[in-house]
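Each residue takes its place number in the sequence, starting with 1. When a ligand or atom number is given, it counts from 1 through the structure's own listing order.
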Amino acid sequence: MPLKVEKKDLTGLTVLITGANVGIGLETARMLCEMGALVTIACRNAQKAEAAAEDIEKTTGNRPEVASLELSTLETTATFVNEYIAKHQRLDILINNAGAFTTEKPQDGLTQDGFEIDFQINHLSHFLLTIRLLPLIKYATQNKINGFTPRILIVGSNAAQAGKIDYSYLQNADNIPFIFNRYANSKLMNAMFAKKLGDNLKDDGIVAHVIHPGFVASDIYAKPDYKLPKFLISGMGFLVKATARSNVQGAMTSVHVAISDDAAKSSGKYWDSCKIAAYPNKSINDDSIVNELWNKSEQYLQEKGFDV
Ligand SMILES: NC(=O)c1ccc[n+]([C@@H]2O[C@H](COP(=O)([O-])OP(=O)(O)OC[C@H]3O[C@@H](n4cnc5c(N)ncnc54)[C@H](OP(=O)(O)O)[C@@H]3O)[C@@H](O)[C@H]2O)c1
């Protein structure tokens with residue numbers, strides 16, 4: 001059954017979506033623009049972002065703002081946040097959508113900040129961005145538009161099922177696990193981050209959720225840097241074509257959680273196919289693991305000179 005979301009008038013609401021020039025993020029941005037929100041798409045490639053904004057404007061009549069965001073460095077992430085805060089007073093919906101499934105090691109195995117790349121892009125930089133944007137989200141809760149509950153949505157993945165929290169390789173190029181594991185581990189962190197955010201923000205009237213978009217035929221499985229055997233790549237291509245959701249269908253759960261009254265009634269939940277589902281990994285229920293991840297994330301950032 002195709003997924004559907006009820007349209008809502010989002011006029012006056014401010015939305016920020018990371019990595020929205022293609023795939024699930026692009027279709028999420030398109031739907032929210034269609035409903036009248038002021039959307040910013042934060043992307044690493046200016047040309048691709050402008051093309052996406054033009055495409056969205058053509059199909060909805062509402063052009064999103066474009067902002068430059070490279071999540072593989074903490075400095076560029078922090079710069080993006082400063083620029084966003086300088087331009088905006090409020091943030092009603094934050095969607096941490098950008099994600100990397102990196103198949104190639106960066107030159108020395110780690111980013112220039114010294115972290116494994118999927119960890120930094122998928123979790124740590126989004127952690128920094130989210131915490132630093134909280135004052136704008138808090139402002140939105142104190143100045144609600146049409147009773148709308150401000151929210152944070154993290155695009156995770158069922159890959160978290162196979163994930164585990166392993167700090168041993170995050171700053172050690174010699175210890176980096178197989179590509180799927182690094183991705184799965186970072187997606188487990190997404191779920192833990194959403195759960196803890198939900199707890200921490202309870203008294204502020206902000207909700208936070210993590211979603212699984214489904215298996216979606218986006219670009220994430222078609223990156224040119226694959227160093228996998230050809231038979232695996234073509235096998236994966238076949239599997240994607242035969243079974244995957246379209247990007248529009250992949251965006252439905254994000255949009256549902258971003259706008260529905262339903263999603264404002266709870267916090268820290270895991271959503272799949274527009275419904276609350278069980279956490280994909282039992283360690284998400286273990287508060288000591290979740291709290292440790294939060295504390296370590298703060299510590300990693302502080303060690304690099306980024307207070308949160
Ligand atoms: N597709 C699936 O089946 C599936 C399943 C579960 C979860 N997800 C999650 O869904 C989210 C969206 O993925 P998608 O499937 O739509 O993939 P996609 O088409 O590859 O889009 C990923 C987006 O993230 C951006 N991005 C990657 N690295 C970045 C960086 N260093 N700085 C800033 N932006 C960066 C990409 O920018 P560029 O265009 O410049 O590369 C792109 O805009 C991801 O979080 C992914 O983990 C996807």
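Here the side chains of L71 and Q120 are not in contact, with every heavy-atom distance at 4.5 Å or above. S254 places none of its side-chain heavy atoms less than 4.5 Å from the side chain of E27. Using a 4.5 Å heavy-atom threshold, the side chains of W271 and D262 count as touching. By the 4.5 Å heavy-atom criterion applied to side chains, I56 and K58 are not counted as neighbours. Within the 4.5 Å cutoff, the side chain of D307 has heavy atoms near those of the Q302 side chain. You'll find the side chain of I95 stays beyond 4.5 Å of the side chain of L16, heavy atoms only.
Close N/O approach between K48 and ligand 1 is found [any backbone or side-chain N/O within under 3.5 Å]. Between A100 and ligand 1, no N or O atom pair is found at a separation short of 3.5 Å. The shortest N or O to N or O distance between H212 and ligand 1 is not under 3.5 Å. Of the N or O atoms in R44, one or more lie within a sub-3.5 Å distance of an N or O in ligand 1. Of the N or O atoms in G19, one or more lie within a sub-3.5 Å distance of an N or O in ligand 1.
Near I24, the atoms of ligand 1 lying under 4.0 angstrom from a non-hydrogen atom of the residue are 10 (O), 14 (P), 15 (O), 16 (O), 48 (C). Taking a cut-off of under 4.0 Å to the non-hydrogen atoms of F215, the atoms of ligand 1 that pass are 3 (O). Listed by number with element, the atoms of ligand 1 under 4.0 angstrom from any heavy atom of L69 are 32 (N), 33 (C). Interface atoms of ligand 1 facing G99, defined by a heavy-atom separation under 4.0 Å, are 22 (C), 24 (O), 27 (C), 44 (C), 45 (O). The atoms of ligand 1 that sit less than 4.0 Å from any heavy atom of N97 are 11 (C), 12 (C), 44 (C), 45 (O). If you number the atoms of ligand 1 from 1 as listed, the ones under 4.0 Å from a heavy atom of V155 come out as 9 (C), 10 (O), 11 (C), 45 (O). Atoms of ligand 1 found under 4.0 Å from any heavy atom of S218, numbered from 1 in the order shown, are 1 (N), 14 (P), 15 (O), 16 (O), 17 (O), 19 (O). Counting atoms of ligand 1 from 1 in the listed order, those under 4.0 Å from a heavy atom of G156 are 6 (C), 7 (C), 8 (N), 9 (C).
For the ligand labelled ligand 1, residue S125 lies outside the 4.0 Å heavy-atom shell. Heavy-atom distances between P213 and ligand 1 reach below 4.0 Å in at least one pair. Heavy-atom separations between R245 and ligand 1 are all 4.0 Å or longer. Under a 4.0 angstrom heavy-atom cut-off, G214 registers as being in contact with ligand 1.
More than 12 heavy atoms of other residues, nucleotides or ligands shown are found within 6.0 angstrom of CD on E57. Other residues, nucleotides and ligands contribute over 12 non-hydrogen atoms within 6.0 Å of the CG atom of N82.
Heavy atoms of Y183 found under 4.0 angstrom from ligand 1 belong exclusively to the side chain. At a heavy-atom cutoff of 4.0 Å, ligand 1 is contacted by the side chain of I121 but not by its backbone.
Of the listed residues (S157, A159, A20), the one carrying the non-hydrogen atom nearest atom 6 (C) of ligand 1 is S157.
Residue N185 holds its CG atom at 9.0 Å from CZ of F180, rounded to the nearest 0.5 Å. Distance check: L91 CG to I137 CD1 gives 4.5 Å after rounding to the nearest 0.5 Å.
F101 does not carry K187 over the face of its six-membered ring by the limits of under 6.0 Å from the centre and within 45° of the normal.
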ring-ring contact (aromatic ring centres under 6.0 Å, His included) between F119 and Y167: does it pass, once the steps are laid out? CA-CA 10 Å; F119 163 71; Y167 298 102; 8.2 Å; no
